[in-house]
Amino acid sequence: DKIVWSKMTASKKQRMAQFQETMRQQLESSMHDELEKLLDTTTGAEREVSKKDFEGFKNLFHRFLQVKGPSVEWIKIQRPPEDSIQPYDKIAARGLPDNVANSLNKLVVVKLNGGLGTSMGCKGPKSLISVRNENTFLDLTVQQIEHLNKTYNTDVPLVLMNSFNTDEDTKKILQKYTHHRVKIHTFNQSRYPRINKESLLPVSTNLRMTGQNAEGWYPPGHGDIYASFYNSGLLDQLIEQGKEYIFVSNIDNLGATVDLHILHHLVSQPNGKRCEFVMEVTDKTRADVKGGTLIQYEGKLRLLEIAQVPKAHVDEFKSVSKFKIFNTNNLWISLPAIKRLQEQNAMDMEIIVNPKTLDGGQNVIQLETAVGAAIKCFDNALGINVPRSRFLPVKTTSDLLLVMSNLYSLDAGSLNMSPKREFPTTPHVKLGSSFTKVQEYLIRFESIPDMLELDHLTVSGDVTFGKNVSLKGTVIIIANHGDRIDIPAGSMLENKIVSGNLRILDH
């Protein structure tokens, strides 16, 4: 407590600090012993991989023990200078060079592919869920890059950062792309041990991923990309091939396509002024209040996440008027800069402490980092305020309904808003718990409704939709508990509230 601390004598403070330091050293020593015991449960290649992973974990754990409170002092937060966040239109207005291929041949596309589809009721990697005309997230990504390579006669490779949860299933499916014009590489995120909340020691007793032991491991957030990419050897390989930048994004963000204007902006700058990191941001709406934002802090551009905000300031953080933009997690990063920062051990990202409860009820914590948090380590970092269309994440079946509908057309793997939609914003869709799992959601729609003129849709309870339904304006459909509503085929609902019980029976 600050008041107690201020009343302490200097010698007491010194003794207290020494005691805390001794405790930290003991915890760290115990952790190192436990990690050695875990390594002794395996041999060969697995041991070597885990040893490398554990080096990264030790570093993270050491920093976790040093942290003495919030990683930002609210009073020091400033708005970023005008020129540090450029409007996309200004970047695009410069036009493109005659030889776009030169720029593209310096680019690598990296997709974050560590997540499972469990939140949408699917087994296996999320990237293998069908999102449009039987195409999965991965199919669409491959189609986009192949289209670029064919159009400009280039060689833009795709790199997937997998986790131990997704690696095996992803590699099996990659065989189907062997005849596509895209080179695909993969590397694995680290595997870190979950730690007991009380003892701060690993909960696993060996390195196996079977039975209860499987719960003892986690992939440590996408901030791990720098170390695991570097450790895999792939980073050096791509630099040797003349690659200069990676475009990183979440594989479930269908708006994250290669943007030639941003790429040209990066590669056309003079060497001394090279921008090493671009974060695509976009204007915040009420739906994005939890998204990380860019701030100026101690003279550097920095990502501020909600987890770092002191409780007293959370409402201020969420306000659309003070923090007007948020991070889309579409990032353009210099490959040589990643190599330099890794070799200097200068990659500094705030630690996210993520509490979890295991199936047996045990409380654990996992230490994570976010890829965008490293922005402060790179030279000449820049935010670009991009159109909302570059942020189209599919996290729920409500998002899935939007991207499967006639609001979008599919062209060479890219989703484009239909020109027939009169305003550029997407409708607000909220499907209830009966629609959470993809399989259940698909059964409830005989065909995806016409949504071109929809503003807002809320559906709750046991509701099904017949073929060729059209939804316009604001539509709210609520089936009470025990009731069911079948929206008849061919219905047109405009600014309607439907509630109660409506069964359509075949006769």
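All values derive from a computational prediction rather than experimental measurement.
With a 6.0 Å radius and a threshold of 12 heavy atoms from other residues, nucleotides or ligands, K197 has its NZ atom at or below the threshold. The number of heavy atoms from other shown groups lying within 6.0 Å of NZ (K322) is above 12. Within 6.0 Å of CZ on R94 lie more than 12 heavy atoms contributed by other residues, nucleotides or ligands. For CD of E168, the number of neighbouring non-hydrogen atoms (other residues, nucleotides, ligands) closer than 6.0 Å is 12 at most.
Side-chain atoms of T186 do not come within 3.5 Å of backbone N or O of L160 as any donor-acceptor pair.
For K311, there are no side-chain contact (heavy atoms from CB on, under 4.5 Å) partners, not counting sequence neighbours. F54 pairs by the ring pair (Phe, Tyr, Trp, His ring centres under 6.0 Å) definition with nothing, not counting sequence neighbours.
A side chain to side chain donor-acceptor pair (under 3.5 Å) with H62 is found for exactly one of E28, R24, H32, namely E28. Looking at F378, Y245, F247, F277 one by one, the single match for ring pair (Phe, Tyr, Trp, His ring centres under 6.0 Å) with W332 turns out to be F247.
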Problem set entry | side chain to side chain contact (heavy atoms under 4.5 Å, CB included) between E244 and R274, worked out | CA-CA 11 Å; E244 292 180 16; R274 269 285 165 100; 3.1 Å; yes
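Between the side chains of N105 and T154, no donor-acceptor pair of N or O atoms lies under 3.5 Å. Of the N and O atoms on the side chains of D259 and Y88, at least one donor lies less than 3.5 Å from an acceptor on the other residue.
Here the straight-line distance linking atom NZ of K243 with atom OG of S334 works out to 14.5 Å at 0.5 Å rounding.
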